[in-house]
Amino acid sequence: MRNLLDITDLTPQEINSLLSIAMDIIKSPEKYNTVCKGKKLATLFYEPSTRTRLSFSAAMMELGGNVLGFSDANASSVSKGETVADTVRVISCLADIIAMRHNKDGAPWVASQFASVPVINAGDGSHCHPTQTLADLLTVKRRKGGFDNLTVGFCGDLKYGRTVHSFTRALGRYKGIKFVFISPEELKIPNYLRQDIENKGFSYLETDSLDKHIASLDILYMTRIQKERFDDEEQYNRLKDSFILDVKKMNNGKSDMIVLHPLPRVNEIVQEVDFDPRACYFEQVLNGKYIRMALIYSLLQWRDGSNLQPVDYEVVEGGTCNNSKCISSTEQVKPLFKLMPSGKKSCFYCDELV
Ligand code: CP
């Protein structure tokens with residue numbers, strides 16, 4: 001059985017296959033409108049969502065399947081103390097595939113250990129968001145034709161912005177990518193991701209200036225400062241307006257640069273920019289539905305087979321994760337760690353280096 005927890009669970013060939021299926025769905029949607037007839041998708045959303053939950057639902061409906069689930073954990077038995085493990089055991093009796101969003105880093109990894117149906121990570125804490133990355137990849141593919149040799153600037157909250165983490169990992173498998181990470185000092189990318197990029201030998205720079213670098217970018221990936229992840233409100237208030245993309249800044253970008261944003265936006269892109277043909281963030285939403293259709297359809301087919309992406313780490317037991325927002329801090333789970341070829345260890349659930 002296959003899950004999608006981290007974007008690197010998919011081989012590059014599988015990502016290409018999903019992109020091709022999504023393109024075919026765009027061209028001939030009628031070919032797909034009954035392929036999931038009789039199947040049920042459960043959307044288990046422990047955290048708010050507009051795009052991801054509703055596009056998963058729309059995707060399953062357009063494949064001819066049905067949808068059940070909850071959009072507020074307080075209205076489910078989670079409010080009575082039910083664990084992730086028990087919840088997904090129950091849901092496995094009721095649905096054929098699960099899409100889970102959770103406020104704790106790593107929760108879908110725990111779900112996958114107890115579910116008997118495929119689990120899709122629909123966003124876990126500030127860790128990963130692989131289906132947003134698939135939407136981002138489809139948008140880049142449709143706008144740019146491919147992924148090699150792109151200079152990609154990520155701007156805003158790179159610490160808590162889970163879409164940044166997944167998209168960086170996805171792009172890290174293509175040739176000639178240059179990363180420009182633009183953030184305040186306090187919101188730089190997590191150490192485990194920096195380690196990943198360095199191990200792969202990619203060119204990257206970290207800066208606090210969008211103005212200095214916008215002219216070099218093929219893709220500008222803007223992000224919201226993630227208010228809900230801050231422990232310190234004063235810090236959030238100080239950082240919340242760090243970057244605001246306006247028409248003046250856009251004038252310094254390449255004519256074929258594209259602007260991505262996973263949304264929701266607060267004020268980091270002014271509304272006038274929406275009318276610039278380089279702004280792609282509403283296209284990303286539509287592409288998100290098509291790629292989720294391709295993903296649900298494929299995961300249900302891959303259930304009984306298909307190759308797993310080989311990993312370069314060994315899973316070892318024992319120890320404690322220091323990340324208080326890791327699912328291992330609240331759910332009784334086996335303490336597991338990834339032992340890298342470099343000798344470094346990171347939490348199996350949330351990737352925090354130990
Ligand atoms: N991009 C994204 O994850 O949006 P939602 O939080 O609305 O699902």
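Both counts, for ligands and for their atoms, begin at 1 and track the order of listing.
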*Asks:* At under 4.0 Å between heavy atoms, which part of Thr163 makes contact with ligand 1: side chain, backbone, both or neither?
*Replies:*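 Thr163 to ligand 1: no contact under 4.0 Å from either part.
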*Asks:* Under 4.0 Å from a heavy atom of Leu263: give me the atoms of ligand 1 that qualify, with their elements.
*Replies:* 1 (N), 2 (C), 4 (O)
*Asks:* So which of Gln132, Arg53, His129, Arg162 gets nearest to atom 3 (O) of ligand 1, if we judge by its closest heavy atom?
*Replies:*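 It is His129 that holds the nearest heavy atom.
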*Asks:* Using atom types as modelled and distance alone, determine if a side-chain donor or acceptor of His165 lies under 3.5 Å from a backbone N or O of Ser126.
*Replies:* yes
*Asks:* Is the charged tip of Arg89 near the ring of Phe114: under 6.0 Å from the six-membered ring centre and within 45° of its axis?
*Replies:* no
*Asks:* Among protein heavy atoms, which lies nearest atom 4 (O) of ligand 1, and at what distance?
*Replies:*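 Protein heavy atom at minimum distance: Arg51 NE, 3.0 Å.
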*Asks:* I'd like to know whether the aromatic ring centres of Phe230 and Tyr160 sit less than 6.0 Å apart in this structure.
*Replies:* yes
*Asks:* Just so I know, are the side chains of Phe348 and Val316 near enough to count as touching, which here means a heavy-atom distance under 4.5 Å?
*Replies:*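 A side-chain contact is absent here, since even the closest heavy-atom pair is not under 4.5 Å.
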*Asks:* Which heavy atom of the protein is the closest neighbour of atom 1 (N) of ligand 1, given with residue, atom name and distance?
*Replies:* Pro262 O, 2.8 Å
*Asks:* Measure from the ring center of Phe181 to the ring center of Phe154 and say whether it is less than 6.0 Å.
*Replies:* yes
*Asks:* Sub-3.5 Å donor-acceptor pair from the side chain of Glu206 to the main-chain atoms of Val180, do we have one?
*Replies:*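 It does not hold such a pair.
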*Asks:* Pull out every atom of ligand 1 sitting under 4.0 Å from any heavy atom of Thr50, numbered as shown with elements.
*Replies:*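 Answer for ligand 1: 5 (P), 7 (O), 8 (O).
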*Asks:* Pull out every atom of ligand 1 sitting under 4.0 Å from any heavy atom of Thr52, numbered as shown with elements.
*Replies:*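 Close to Thr52: 2 (C), 3 (O), 4 (O), 5 (P), 8 (O).
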*Asks:* Quick one: nearest non-hydrogen protein atom to atom 6 (O) of ligand 1, plus distance?
*Replies:*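 Here the nearest protein heavy atom works out to Arg101 NH1, 2.8 Å.
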